[in-house]
There are 2 protein chains.
Amino acid sequence: MSPARTARALAREAITREILDSARARLTTDGPAALSLRAVARDVEMVSSAVYRYFPSRDALLTALLIEAYDELGATAEGADAAVADRADTAARWIGTFRAVRTWCVAHPGEFGLLYGTPVPGYVAPRDTVDPATRVVRVLVRIVGDAYAAGARPPVVPASGTASAAPPGTVAPALAFIKEHGLMASLDLSDDELPETVRRALMAWTMLFGVISFELFGHQVGSVADPAAWFDEVALRLGVDLGIAV
Amino acid sequence: MSPARTARALAREAITREILDSARARLTTDGPAALSLRAVARDVEMVSSAVYRYFPSRDALLTALLIEAYDELGATAEGADAAVADRADTAARWIGTFRAVRTWCVAHPGEFGLLYGTPVPGYVAPRDTVDPATRVVRVLVRIVGDAYAAGARPPVVPASGTASAAPPGTVAPALAFIKEHGLMASLDLSDDELPETVRRALMAWTMLFGVISFELFGHQVGSVADPAAWFDEVALRLGVDLGIAV
DNA sequence: CGCCAATGAGAGCACTGCTCTCGGAATGGA
DNA sequence: TCCATTCCGAGAGCAGTGCTCTCATTGGCG
């Protein structure tokens with residue numbers, strides 16, 4: 001991995017780490033948009049120009065933070081799913097993953113704002129970030145797929161013959177998304193019910209993000225007193241509507 | 001309204017309007033965090049210090065933009081709901097309101113980022129903003145209330161006796177929220193089913209925000225090809241799960 | 001040992017939000 | 001009409017930002 005363990009390379013690695021940590025600390029206190037390279041330079045007791053030896057620009061530093069945060073959140077979700085010993089208990093895997101994602105986000109509000117908040121105007125995320133960014137939703141799709149492979153199905157809405165009358169335009173892209181990311185293997189489904197599965201998982205992921213975003217960005221003050229309980233209720237509701245919980 | 005229509009007062013009103021319009025234009029091009037007071041000063045061909053005669057600080061300008069945008073979005077939602085002539089057609093009111101909200105947000109991405117994106121670090125929204133901010137969700141609650149008053153009910157999940165086993169902690173605050181905002185009058189419901197109604201409406205609002213946020217903040221690239229069709233599907237799914245559509 | 005690349009420091013440029021002073025112009029009462 | 005008051009725009013200035021440049025030093029490899 002690290003071929004030349006010279007003193008200089010070691011120092012570079014340590015200082016890079018120190019810069020990243022300081023930047024993440026500043027992220028949570030000052031917010032992503034106000035991330036000041038000079039401020040982190042002061043934190044690590046260097047002159048601002050010296051930081052540019054380690055990150056060629058502020059955007060590069062942002063990208064590094066972005067990938068690191070995406071990977072941490074993805075690993076958290078994957079770990080929470082894997083922590084459930086009984087793989088057939090998809091309900092526990094579902095709730096556990098949801099709670100783990102929220103816990104991480106609440107503990108890292110600055111990183112959450114960087115990942116899912118207002119995009120920095122001039123900044124465009126490079127290609128390297130799309131793979132770490134999809135780790136959470138891939139976990140959700142996998143849980144739903146396992147549940148459906150084991151026989152679970154979403155509850156049929158009564159007195160409604162057109163419950164699955166969804167616009168056809170979104171089926172193909174979602175399917176392409178699945179195939180592109182190699183999620184087919186873990187999904188044991190026929191072709192006509194697969195897209196519906198993925199769509200519901202995507203909706204659940206959207207809702208998961210929405211409720212956390214509302215909590216962290218302060219849009220629940222006055223309406224929700226206990227965010228954790230409210231979050232659990234949302235997670236349970238999603239699980240019930242998907243047919244994989246209770 | 002405007003007691004002294006002197007030339008000076010007229011000029012002040014016109015220039016204030018001009019500053020607000022320029023700021024909104026900059027908002028969509030540069031993003032909320034990068035809103036530069038000097039830039040809008042250049043746009044209206046004034047020196048930066050002169051703008052401070054109209055807005056005492058950049059935060060005050062942000063607050064004015066915030067209230068204006070909240071009111072515009074709220075009026076859009078209310079107008080879309082009111083535009084449906086058949087008040088009993090709650091499905092049409094639901095979809096129409098959803099689409100109108102998305103249309104406005106897509107047309108005003110900068111304002112959306114200001115309203116629902118990463119909060120500006122030092123900035124805290126004053127009390128005047130909470131009332132305009134709740135106009136959209138109030139429309140949703142009203143539609144759901146009308147539908148349930150007319151006899152509609154959410155579909156019962158089969159093979160599940162604990163479908164309403166929601167954590168009790170969130171009931172009281174949601175109810176307090178409803179009473180505080182005077183939504184009781186338009187809701188003709190018994191007490192035990194009211195909180196569930198409001199909770200589902202709040203979830204729908206959360207999902208509505210989530211899907212728009214994902215679209216505008218670029219988290220759907222690669223997975224969703226047609227955002228409008230995907231949005232319609234989500235809106236329909238929410239309506240079905242709530243029991244007010246199809 | 002000597003050369004070269006890596007590193008940190010400092011100055012400088014253009015930009016930001018914001019405060020201050022100053023002079024001119026509109027307003028309203030005498 | 002005259003004049004004091006109020007308002008308003010302009011400019012300078014302060015402290016901060018991202019970023020580029022040059023310069024001296026220092027570590028590592030041949």
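Residue numbering restarts at 1 for every chain, and letters A, B, ... go by the order of the sequence lines.
- Checked against A:R26 for a side chain to side chain donor-acceptor pair (under 3.5 Å), the options A:T29, A:T28, A:D30 give a single hit: A:D30.
- Summarising the geometry, the separation between CG on B:D59 and P on C:dT16 is reported as 17 Å, rounded to the nearest angstrom.
- Among the atoms of the strands shown, base atoms are found under 4.0 Å from some heavy atom of B:S48.
- Look at OH on B:Y52: it is 11 Å from P on C:dT16, rounded to the nearest Å.
- Going from atom CD of A:E45 over to atom C1' of C:dG8 covers 14 Å, rounded to whole Å.
- When heavy atoms are screened at a 4.0 angstrom cut-off, B:L61 is found touching no nucleic acid atom at all.
- In this pair, A:W205 and A:F209 present their aromatic rings tilted. The plane angle is within the 30 to 60° band.
- In this structure, A:D30 atom CG and D:dG18 atom P are separated by 11 Å, rounded to whole Å.
- Here C:dT16 is the nucleotide among D:dG9, D:dC19, C:dT16 with the atom lying nearest to any side-chain atom of B:A39.
- Look at B:R12 and you'll find a side-chain N or O under 4.0 angstrom from OP1 or OP2 of D:dC8.
- Look at B:R142 and B:D81 and you find no salt bridge, because none of the NZ, NE, NH1 or NH2 atoms lies under 4.0 Å from a carboxylate O.
- Using a 4.0 Å cut-off, some side-chain N or O of B:Y54 falls inside it from OP1 or OP2 of D:dG9.
- Rounded to whole angstrom, the span from the CG atom of A:L37 across to the P atom of D:dT20 amounts to 11 Å.
- Whole-Å rounding puts the A:I19 CD1 to D:dG18 C1' distance at 15 Å.
- Look at A:S49 and you won't find any side-chain N or O under 4.0 angstrom from OP1 or OP2 of C:dA9.
- Checking D:dT17, C:dC18, C:dG10 against the side-chain heavy atoms of B:R58 singles out C:dC18 as nearest.
- When distances are taken from the side chain of A:R53 to each of C:dA9, C:dT19, D:dT20, the shortest belongs to C:dA9.
- Put simply, the side chain of A:R38 and the base of D:dG16 share no donor and acceptor less than 3.5 Å apart.
- Close to D:dG16, at under 4.0 Å from its OP1 or OP2, lies no side-chain N or O of A:S36.
- In this structure, B:R12 places its CZ atom where more than 12 heavy-atom neighbours from other residues, nucleotides or ligands lie under 6.0 Å away.
- A:H219 contributes a side-chain N or O that, together with a main-chain N or O of B:L115, makes up a donor-acceptor pair within less than 3.5 Å.
- Atom CZ in A:R26 sits about 13 Å away from atom C1' in D:dT17, given to the nearest Å.
- Among the protein residues, A:F55 comes within range of no part of the nucleic acid, since none of its heavy atoms lies under 4.0 Å from any strand.
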